[in-house]
Amino acid sequence: MTLKNYVHGAFVPAWNGIVRPFYNPADNSQLGEVAESSLEDVDKAILAARVAFDEGPWPRTPAQERAARLFKLADLIESRAEEFAEMDTRNCGKPLRESRFDVSDAAACFRYYAGLATKPQGQTFEVGDPNIICQTVREPIGVCGQIIPWNFPLLMAAWKLAPGLAAGNCCILKPSELTPLSASLLFELIDEVGFPPGVVQLVYGLGSPIGARLAESPLVDKIAFTGGGDTGRKILAAAASNFKKVSLELGGKSPNIVFADSDHDHALEYALFAIFAGQGQVCSAGSRLLLERSLADSFLPRLAAAAEKIVVGPGMDDATEMGPLITRAHQKKVLNHIQSACCEGAELLTGGSAYNDHRSIGNYVQPTIFVGVKPSMRIVQEEIFGPVLTVQLFDTEDEAVHIANDTTYGLAAGVFTKDGAKAQRVIRRLRAGITWINTYHPTFNEAPWGGYKQSGMGRELGTYGYEAYTEVKQINQCINPQPLDWFRSAP
Ligand code: NAD
């Protein structure tokens, strides 16, 4: 199987014929090959998008027609749901139950933005001059480069393409080189729906040069990126060349605060779900558990015992509750983090290793929990992007807030307590863009997603995510033209 780019309405191999293998993280077997694009390929796509936007019908197509295509795409995704789920599980390792959820969420995302396209967009303004009608309209930004990571291959494509296309833009998607599989089926369906050539394109390839070209090209008007902070910084710098509109969804080190007055069973389940869903390779993972000290003696042994019972194995096994990490290199990086935490004096409560049994062919890491950590430790400050939880104890509400805010990140946070007023009080003091009270992780297409501080810029999803794909135009119309008499020399 060799996956191809989709450029100007056709599936095409990379210009120079080069391909790259991609793998199943459950056993590191090769799943297929994917086009390894070069600058020629991405430049062709950028040019096709430029022409499609500047001269083609798409930006001027009535919103109802754009919406109809996206509704159809959502239906087609659902009709192939199990194939999509198996593709994401085989290529990125997550358990099938998670991939299935991602597929239905992706279809819902296309539906949400199809619906939004036809809803009221502009405003009128009461201005000081009664002869002027002042209004705003929203218009598409233009050519959008969309760069996505490997942890939610289909869902991240939907989060980018759905609002971009609904708003009338021309989109170029660049998936992670590690997880190209489900994008190929998505673009088969996009081809079946039928968009004008150049409106929606797929270019596979490495971050540099392909993603970097999208970020720097003067023909691209907007860059939307989800991935790591170091990459985000490079993209932001490259995008400055023509002042592209930029949205960045980056990493996190999110606190999950459990007060003594919470429902302990409920909080315990969510503490596990917050960090071990997606093997911890989730930007919003609750990777720092902040526990009220009086709870520690009863909570921690139960937490460790529950983590040890998590069924770790290939995502394709129905019994599996947690899958492998994306690559051997990433597994090694996570294990190095664990090692360095031990060297820094953190105390391993459970886990901490790869597996020596039949799972050694895959990139598995045990669900791992550290206690006795200090705020300055790397394990507390740095995003690990794996199944590693740190536990920090606190005595007061103020201390919990202080510890929670004490990283450079600000993506997500959770609070567990039965005291509703306290929950709101604490949440309002947390410097984070996505927060939950007495739950963790539910994510809704309808609500804005994004981070404070070094977790990103801008918001995706909801009406905010749609607006991020539009420019605002002010229109002032004079309804009673009168001589201006400003320059006496004028006729
Ligand atoms: P990454 O930054 O290495 O790669 C993400 C994408 O950027 C890939 O498609 C990659 O090919 C591309 N890329 C790499 N270098 C580039 C460059 N110089 N110019 C342009 N594009 C380039 O990240 P990753 O390892 O794929 O994903 C993990 C990271 O993503 C984590 O830090 C995680 O927190 C973050 N993430 C954030 C969110 C969110 O919504 N905030 C969601 C998922 C993942």
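As the structure lists them, so they are numbered: ligands from 1, and atoms in each ligand from 1.
Scanning the protein heavy atoms around atom 19 (N) of ligand 1, the nearest turns out to be Ala212 N, 3.4 Å. Shortest contact from atom 36 (N) of ligand 1 to any protein heavy atom: Cys283 CB, 3.5 Å. With hydrogens left out, the protein atom closest to atom 27 (O) of ligand 1 is Pro149 CB, 3.4 Å, a heavy atom. Residue, atom and distance of the protein heavy atom nearest to atom 35 (C) of ligand 1 are Gly227 O, 3.1 Å. The shortest contact between atom 11 (O) of ligand 1 and any protein heavy atom is with Glu177 OE1, 2.7 Å. Taking atom 25 (O) of ligand 1 as the reference point, the nearest protein heavy-atom neighbour is Trp150 NE1, 2.9 Å. Gly207 CA, 3.2 Å is the protein heavy atom nearest to atom 13 (N) of ligand 1. The single protein non-hydrogen atom nearest to atom 15 (N) of ligand 1 is Thr231 CG2, 3.3 Å, given as residue, atom name and distance.
Within a 6.0 Å sphere centred on NE2 of His266, heavy atoms belonging to other residues, nucleotides or ligands number more than 12. Other residues, nucleotides and ligands contribute at most 12 non-hydrogen atoms within 6.0 Å of the CD atom of Glu269. With a 6.0 Å radius and a threshold of 12 heavy atoms from other residues, nucleotides or ligands, Phe11 has its CZ atom above the threshold.
In this structure, Asp230 pairs ionically with Arg233, as a charged nitrogen and a carboxylate oxygen lie closer than 4.0 Å. Remark: Arg459 does not engage Glu467 in a salt bridge, criterion side-chain N to carboxylate O under 4.0 Å. Salt bridge annotation for Glu86-Arg90: absent, with no cationic side-chain nitrogen under 4.0 angstrom from a carboxylate oxygen. Checked for salt-bridge contact, Asp88 and Arg100 miss the test: no charged N lies under 4.0 Å from a carboxylate O.
Taking a cut-off of under 4.0 Å to the non-hydrogen atoms of Ile147, the atoms of ligand 1 that pass are 6 (C), 7 (O), 9 (O), 12 (C), 20 (C), 21 (N). The Gly211 neighbourhood of ligand 1 comprises atoms 19 (N), 20 (C), 21 (N), with distances under 4.0 Å to a heavy atom of that residue. Heavy-atom proximity to Ile148, at under 4.0 Å, picks out these atoms of ligand 1: 6 (C), 8 (C), 9 (O). Close approach of ligand 1 to Ser176 (heavy-atom distance below 4.0 Å) involves ligand atoms 9 (O). For ligand 1, the atoms lying closer than 4.0 Å to a non-hydrogen atom of Ile235 are 19 (N), 20 (C), 21 (N). Those atoms of ligand 1 with a heavy atom of Gly251 less than 4.0 angstrom away are 34 (O).
With a heavy-atom cut-off of 4.0 Å, Trp449 touches ligand 1 through its side chain alone. Under 4.0 Å from ligand 1, the heavy atoms of Pro175 that appear belong solely to its backbone. Residue contacts with ligand 1, taken as heavy atom pairs separated by less than 4.0 Å, involve Glu383 solely via side-chain atoms from C-beta onward. Using a 4.0 Å cut-off between heavy atoms, Leu178 makes no contact with ligand 1 at all. Contacts between Thr226 and ligand 1 below 4.0 angstrom, taking non-hydrogen atoms only, involve backbone and side chain alike.
In terms of polar-atom proximity, Trp159 is not counted as a contact of ligand 1, lacking any N or O under 3.5 Å from an N or O of the ligand. Between Leu250 and ligand 1, at least one N/O pair is under 3.5 Å apart. Considering backbone and side-chain atoms together, Asn151 places no N or O closer than 3.5 Å to any N or O of ligand 1. Below 3.5 Å of separation, one finds no N or O of Ser455 facing any N or O of ligand 1. Where the criterion is an N or O separation shorter than 3.5 Å, residue side chain and backbone included, Gly228 meets it with respect to ligand 1.
The aromatic rings of Trp436 and Trp449 sit tilted relative to each other, their planes meeting at an angle between 30° and 60°.
Separating the OG atom in Ser176 from the CH2 atom in Trp150 is a distance of 8.0 Å, to the nearest 0.5 Å.
Judged by distance alone, the side chain of Gln146 and the main-chain N or O of Thr226 form no donor-acceptor pair under 3.5 Å.
In this structure, Leu202 and Leu3 have side chains that are not in contact, with every pair of non-hydrogen atoms separated by 4.5 Å or more.
Tyr204 and Lys4 get closest at one heavy-atom pair: CE1-O, 3.3 Å.
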(request) Could you give me the CA-CA distance, side-chain angles and deciding distance for Tyr6 and Asp191, then say whether side-chain hydrogen bond (donor to acceptor under 3.5 Å, both in side chains) is met? (result) CA-CA 9 Å; Tyr6 186 76; Asp191 188 60; 2.7 Å; yes
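A cation-pi geometry, defined here as NZ or CZ lying under 6.0 Å from the six-membered ring centre and within 45° of its normal, does not hold between Lys245 and Tyr469.
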